Every structure is written in C-alpha cells, then in structure tokens.
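Values in this document were obtained by computation on a predicted structure and should not be read as measured data.
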Amino acid sequence: MPSDDPLEQALTGGAPQRVGSFRFYYADQRWEWSEQVQLMHGYEPGSVTPTTELVFSHKHPDDRRQVAATLDELRRGHGAFSTRHRIIDTRGETHDVVVIGDRLEDQSGRLIGTHGFYVDVTPSAAMTQANFTAALSDIAESRAAIEQVKGMLMLIYRIDADSAFELLRWRSQETNVKLRALAEQLVVDYAALVYDDVLPPRATFDHLLLTAHQRADRSADTVEG
C-alpha cells in the first residue's frame, strides 16, 4: 500500500534500473530475466530468450569458471548463494554485478530451480552518492534501520552505499513491503544470528534478505515522518 509520507514515496518511487530478478528451472534448463536484467546485458526488453549458453556467453572469460561452479553447486540441491563477477553486454561494456539467489520450490516444497536478482554495482555517473545524500540525511534519525541495513549490505556484499540502498529499495518494491518495515525486519534478523569471531556463511544472509518480507510487519500503512 502506498505511503502517505512524501519522503517515503520519493525514496521508493520509480523503477530501479540497476537491480533485476531472474529464475532458472532445472528440469528444462529454462531461464527468465526481468526487463532490468535484459537491459544490463544490452538487450531491449522482450527481444531475447535467455539460455544457459547465452548467460555464460556474457560472463567475463576470467569469471566463467567461478559462475559454472556455483551453478553446479545449486543443481546439487544447495540453498542460498551469492556471487560477484563481471558480465559483458552486447555493446562490449563490462559490468560488475552481484548475483544473489535462493532455492526455488514448487507448492509441495520440491526443489525446481533457483531464483534471485542481479545488482549492477558498476560505478555510474547516473547513480552517485550525491543522488541520495540529501534524502538520507533527512531520514538519519527516523529511518535509522535503513541506514543500519544499508551498512550491513555494504559489508556483506562488498558494494557501495548507492548499490546497497538501491537493493533494499528494490526488495521493498518487489515484495510490496514498506522500506522501513523491511529494513527493521532485517535488523532483527541479523541481530538474532549467533556467531563468535567469524561471520556466518554468506548464504545465511542471502536467505534472510530474500525472505525478510515474509516476516516483516505489514500493519503500518503510514510511515512516520
């Protein structure tokens, strides 16, 4: 439900162009790319049907072995994952991307594939720290959870502040959960993790990020100003 808070509307409005979703079905090796992922690879939306061969043709030659190994692990039934690698679009331009995914199950709980999203973390003149500085300074106190989670995402996925915020904003839009509510849930989830000196496996964070909307409080229709 849309927020009555103008700042919340400004932060969550619009379609992020640096984050997009994907699905991969094991049975028929079928891929699905959102419009944003197609654009990242240099294709006009609807102009391409992704295949495993096409997916790997866009991976940077030095990163293909790493991506292939990750996909093999997924086929063996492993859970959430994340990887950072490079892709080369149809114009020959290189993009630095973070791909985060989790198990895709049917209604009976049977593993049928993997799903998740791409985050294009390539430095861009259109997406700089200055773009968000003013807005973020206004929400520093009342939106403390957003800032906390943004910092966590930067640490976990080794991405910059813009990419971390864009990722959180995109998850909010995709799941129809308030940005603040989603951030607050992730703060609770991350704080509940038990570990000593070494952080839990990154797959643990991947899974929490992809499922936080299922646990978030959806009761508040209006975000506090």
Side-chain angles (χ1 to χ4, degrees), residues 16-122 153-159 163-164 166-168 170-171 174-175 198-214:
Q17 296 300 309
R18 301 213 306 173
V19 186
S21 60
F22 76 93
R23 286 192 173 197
F24 175 56
Y25 297 89
Y26 295 149
D28 56 3
Q29 301 289 290
R30 178 164 53 90
W31 291 85
E32 294 177 357
W33 280 351
S34 70
E35 291 187 356
Q36 288 84 359
V37 175
Q38 293 177 57
L39 289 168
M40 282 181 204
H41 288 80
Y43 298 102
E44 288 299 316
S47 67
V48 64
T49 300
T51 63
T52 298
E53 182 179 2
L54 180 70
V55 169
F56 276 94
S57 73
H58 282 282
K59 305 302 179 186
H60 190 282
D62 293 340
D63 297 341
R64 286 174 187 164
R65 180 175 296 181
Q66 167 203 338
V67 177
T70 300
L71 191 57
D72 286 342
E73 287 293 309
L74 293 173
R75 291 193 180 107
R76 298 190 184 103
H78 289 245
F81 75 96
S82 58
T83 176
R84 182 168 184 155
H85 60 270
R86 291 160 293 178
I87 62 174
I88 302 174
D89 66 21
T90 57
R91 296 177 295 275
E93 297 178 359
T94 299
H95 300 254
D96 193 10
V97 299
V98 172
V99 180
I100 305 170
D102 201 357
R103 292 164 58 95
L104 177 62
E105 301 175 343
D106 62 17
Q107 294 182 345
S108 66
R110 182 173 61 93
L111 179 66
I112 60 173
T114 183
H115 69 134
F117 47 91
Y118 281 69
V119 187
D120 188 340
V121 297
T122 310
L153 295 175
M154 291 169 66
L155 173 65
I156 294 165
Y157 299 111
R158 294 182 300 163
I159 57 181
S163 298
E166 190 78 350
L167 173 54
L168 184 62
W170 181 79
R171 288 303 295 158
E174 285 290 296
T175 60
V198 180
L199 289 174
R202 195 160 60 182
T204 300
F205 295 101
D206 301 339
H207 179 73
L208 290 175
L209 178 60
L210 287 167
T211 60
H213 64 284
Q214 299 170 4

Novice: Using 0.5 Å steps for rounding, measure from the CD atom of E105 to the CZ atom of R110.
Specialist: 10.5 Å
Novice: Between T51 and L54 (side chain of the first, backbone of the second, donor and acceptor by atom type, cut-off under 3.5 Å), is there such a pair?
Specialist: yes
Novice: Once the angle between the rings of Y118 and F22 is folded into 0 to 90°, is it parallel (under 30°), tilted (30 to 60°) or perpendicular (over 60°)?
Specialist: perpendicular
Novice: Is the shortest heavy-atom distance from the side chain of W33 to the side chain of L39 under 4.5 Å?
Specialist: no
Novice: Rounded to the nearest 0.5 Å, what's the gap from NE2 on H41 to CD on E93? Could you check?
Specialist: 13.5 Å
Novice: Taking all non-hydrogen atoms of both residues, which atom of S82 and which atom of D206 are closest, and how far apart?
Specialist: N-OD2, 3.0 Å
Novice: Taking K59's backbone N and O only, do any of them form a donor-acceptor pair with R64's side chain (distance below 3.5 Å, no angle check)?
Specialist: yes
Novice: On a heavy-atom basis, which atom in T122 and which in R18 lie closest, and how many Å separate them?
Specialist: O-NH1, 3.1 Å
Novice: Over all heavy atoms of both residues, which pair between D62 and R86 is shortest? Give the atoms and the distance, please.
Specialist: CB-NH2, 3.5 Å
Novice: Does any non-hydrogen side-chain atom of L210 lie less than 4.5 Å from one of F117?
Specialist: yes
Novice: Could you give the distance from OG1 (T49) to OH (Y43), rounded to the nearest 0.5 Å?
Specialist: 10.5 Å
Novice: May I have the step-by-step check of side chain to side chain contact (heavy atoms under 4.5 Å, CB included) for R171 and V19, ending in yes or no?
Specialist: CA-CA 9 Å; R171 288 303 295 158; V19 186; over 6 Å; no
Novice: Nearest heavy-atom pair of G42 and D89: which atoms, and what distance?
Specialist: N-CB, 3.9 Å
Novice: Rounded to the nearest 0.5 Å, what separation is found between the OG1 atom of T94 and the CG atom of D63?
Specialist: 9.5 Å
Novice: Do I156 and R202 have side chains that get closer than 4.5 Å, going by heavy atoms?
Specialist: yes
Novice: Just by modelled atom types, is the I87 backbone N or O under 3.5 Å from a matching donor or acceptor in the H60 side chain?
Specialist: no
Novice: List the steps and the verdict of side chain to side chain contact (heavy atoms under 4.5 Å, CB included) for D96 and R84.
Specialist: CA-CA 7 Å; D96 193 10; R84 182 168 184 155; 2.7 Å; yes
Novice: Drop me the distance from D102's CG to H115's NE2, to the nearest 0.5 angstrom.
Specialist: 5.5 Å
Novice: Taking the side chain as everything from C-beta on, heavy atoms only, tell me whether W170 gets closer than 4.5 Å to S21.
Specialist: yes
Novice: Could you check whether any side-chain heavy atom of Q38 comes within less than 4.5 Å of a side-chain heavy atom of V48, counting everything from C-beta outward?
Specialist: yes
Novice: Begin from the C-alpha positions of W31 and V37 and carry the test side chain to side chain contact (heavy atoms under 4.5 Å, CB included) through to its verdict.
Specialist: CA-CA 12 Å; W31 291 85; V37 175; over 6 Å; no
Novice: Taking the side chain as every heavy atom from C-beta outward, state whether T114 and F81 have any atom pair closer than 4.5 Å.
Specialist: yes
Novice: Given side chains that start at C-beta, do those of Y157 and V119 come closer than 4.5 Å, heavy atoms only?
Specialist: no
Novice: If you measure from OG1 on T90 to CE on M40, what distance do you get to the nearest 0.5 Å?
Specialist: 14.0 Å
Novice: Is E53 atom CD crowded by more than 12 heavy atoms from other residues, nucleotides or ligands, each under 6.0 Å away?
Specialist: no
Novice: If you define the side chain from C-beta out and look only at heavy atoms, does anything of L155 sit under 4.5 Å from F205?
Specialist: no
Novice: What pair of heavy atoms forms the shortest contact from E35 to P45, and how long is it?
Specialist: CG-CB, 3.6 Å
Novice: Under the side chain to side chain contact (heavy atoms under 4.5 Å, CB included) criterion, do L167 and I100 qualify, and how do the steps go?
Specialist: CA-CA 11 Å; L167 173 54; I100 305 170; 4.3 Å; yes
Novice: Can you name the nearest heavy-atom pair linking Q36 to G20, along with the distance?
Specialist: CB-CA, 3.8 Å
Novice: Quick check on E174: does its CD atom have over 12 non-hydrogen neighbours (other residues, nucleotides or ligands) under 6.0 Å away?
Specialist: yes
